[in-house]
Amino acid sequence: KDYVVYDELLKNNLIASKDVTEPTVTGYDLFTENTAKVTVEPSKPITIKYTLTIPDLTTLPEGTTLPATISNIVADQKVDIVVDKPKVNVLKTALSGGVSVSGKTFQPGDKIDYTITLTNPTNAVYKDYVVYDELLKNNLIASKDVTEPTVTGYDLFTENTAKVTVEPSKPITIKYTLTIPDLTTLPEGTTLPATISNIVADQKVDIVVDKPKVNVLKTALSGGVSVSGKTFQPGDKIDY
């Protein structure tokens with residue numbers, strides 16, 4: 001009679017009672033020392049159940065770092081669980097012909113190969129990580145100029161739409177190719193050369209585009225002197 005059962009879960013400074021459903025049989029007295037008492041009869045097991053929801057982990061108690069261990073002791077029974085807050089690192093690169101676009105100017109028809117790499121350096125799976133590429137915010141570019149991105153499809157270019165699960169040590173690679181459009185008709189206020197900015201998370205890639213043109217200069221000399229205003233006769237030589 002009056003067997004005292006005590007669960008030390010709430011001694012962990014990462015956990016509060018609001019994170020735990022009310023235990024069956026004992027209620028929340030289970031988590032207060034020398035409070036929960038039950039009568040255990042022979043051959044009649046008593047089962048106490050509750051559920052812990054891992055809290056946000058954004059604000060940690062002083063001195064606590066992630067990953068952290070939540071220990072749970074009842075009598076001589078100990079259960080440890082490891083918790084971590086997942087995060088994703090983003091790397092974006094842009095190449096043309098296998099070479100970095102940095103410091104170069106591109107013209108209509110040139111192709112830019114973009115790669116977005118998502119990595120999770122933690123021990124926890126990041127579910128539904130939202131990845132958004134701002135490329136189509138550039139008024140020089142339309143979706144028809146871009147191949148469909150791998151993994152996410154065109155959702156990549158719509159805010160709060162493309163979601164991926166990033167597991168620890170399993171990078172996700174998203175790729176697509178931009179073909180520089182014609183640039184003959186420019187949006188109002190746009191002049192060439194122009195910069196196409198492309199931002200994903202904290203990664204920004206700029207490419208400079210221009211429409212090539214040729215200036216022509218033709219000269220005509222006779223005896224090293226301009227032909228302008230002069231009259232020539234048979235046998236004279238004109239050097240163009």
Side-chain angles (χ1 to χ4, degrees), residues 57-58 65-67 84-218:
L57 301 179
T58 298
T65 58
L66 294 176
D84 203 353
K85 185 175 177 66
K87 69 176 181 179
V88 170
N89 293 330
V90 179
L91 175 65
K92 179 157 193 180
T93 60
L95 304 176
S96 183
V99 179
S100 172
V101 300
S102 180
K104 297 180 174 61
T105 299
F106 298 91
Q107 58 182 296
D110 287 344
K111 296 184 183 296
I112 312 295
D113 298 315
Y114 288 99
T115 301
I116 303 167
T117 304
L118 309 176
T119 56
N120 179 350
T122 72
N123 295 315
V125 175
Y126 200 123
K127 297 179 181 178
D128 293 337
Y129 176 78
V130 177
V131 56
Y132 169 47
D133 189 315
E134 298 185 15
L135 177 69
L136 296 189
K137 290 177 70 174
N138 293 275
N139 57 9
L140 288 173
I141 304 298
S143 58
K144 65 180 178 59
D145 304 317
V146 185
T147 60
E148 183 172 10
T150 59
V151 183
T152 65
Y154 284 105
D155 284 348
L156 178 67
F157 303 116
T158 303
E159 198 167 4
N160 294 321
T161 302
K163 297 179 180 180
V164 294
T165 295
V166 188
E167 299 182 33
S169 303
K170 292 184 178 180
I172 290 178
T173 302
I174 301 169
K175 294 185 176 185
Y176 64 87
T177 298
L178 164 67
T179 300
I180 306 300
D182 180 61
L183 302 179
T184 298
T185 303
L186 298 176
E188 186 176 355
T190 301
T191 57
L192 294 177
T195 298
I196 297 174
S197 292
N198 192 349
I199 301 174
V200 179
D202 61 347
Q203 297 285 297
K204 181 179 181 182
V205 176
D206 289 335
I207 61 170
V208 178
V209 295
D210 203 352
K211 187 174 176 64
K213 66 178 181 179
V214 175
N215 293 327
V216 178
L217 174 65
K218 185 168 185 178

Name all residues meeting the side chain to side chain donor-acceptor pair (under 3.5 Å) criterion together with Thr177; count only those two or more places apart in sequence or in a different chain, and write none if there are none. Asp113
Could you pull out all donor-acceptor pairs under 3.5 Å where a side-chain atom in residues 119-126 meets a protein atom, sequence neighbours excluded?
from   : atom 1 : to     : atom 2 : distance (Å)
Asn120 : OD1    : Thr122 : N      : 2.9
Asn120 : OD1    : Thr122 : OG1    : 2.7
Asn120 : ND2    : Ala124 : O      : 2.6
Asn120 : ND2    : Val166 : O      : 3.0
Thr122 : OG1    : Ala124 : N      : 3.2
Thr122 : OG1    : Ala124 : O      : 3.2

May I have all residue pairs that pass salt bridge (Lys or Arg N to Asp or Glu O under 4.0 Å) and include part of residues 84-98, sequence neighbours excluded?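 Pairs touching residues 84-98 that pass the test: Asp56-Lys85, Lys92-Asp133.
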With sequence neighbours left out, which residue pairs that include part of residues 149-164 fulfil the salt bridge (Lys or Arg N to Asp or Glu O under 4.0 Å) condition?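 Every candidate salt bridge (Lys or Arg N to Asp or Glu O under 4.0 Å) pair involving residues 149-164 fails, so no pair, neighbours aside, qualifies.
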Under 3.5 Å donor-acceptor pairs involving side-chain atoms of residues 96-103, not counting sequence neighbours:
from   : atom 1 : to     : atom 2 : distance (Å)
Ser96  : OG     : Lys111 : O      : 2.9
Ser100 : OG     : Ser102 : N      : 3.2

Could you report the tightest heavy-atom contact between Val146 and Leu135, atom names first, then the distance?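 In this case the closest contact between Val146 and Leu135 is CG2-CD2, 3.8 Å.
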Would you say the side chain of Leu140 lies within less than 4.5 Å of the side chain of Leu183, judging by non-hydrogen atoms? yes
Once side chain to side chain contact (heavy atoms under 4.5 Å, CB included) is applied, do any residues pair with [X], and if so which ones, sequence neighbours excluded?
X	answer
Thr195	Ser197, Asp206, Val208
Asp110	Phe106, Gln107, Ile180
Val151	Val164, Ile172, Ile174
Thr173	Thr115, Thr117, Lys175

Enumerate the residue pairs fulfilling ring-ring contact (aromatic ring centres under 6.0 Å, His included) with a member in residues 134-153, sequence neighbours excluded, ordered by first and then second residue.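 Those involving residues 134-153 do not exist here.
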Only pairs at least two apart or in different chains count here, so list each ring-ring contact (aromatic ring centres under 6.0 Å, His included) that has a residue in residues 171-216.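 For residues 171-216: Tyr114-Tyr176, Phe157-Tyr176.
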Rounded at 0.5 Å granularity, tell me how far [atom1] in [X] sits from [atom2] in [Y].
X	Y	atom1	atom2	value
Asn138	Ile207	CG	CD1	8.5 Å
Asn198	Ile116	CG	CD1	7.0 Å
Thr93	Leu91	OG1	CG	6.0 Å

Test salt bridge (Lys or Arg N to Asp or Glu O under 4.0 Å) applied to Lys137 - qualifying residues, sequence neighbours left out: Glu134
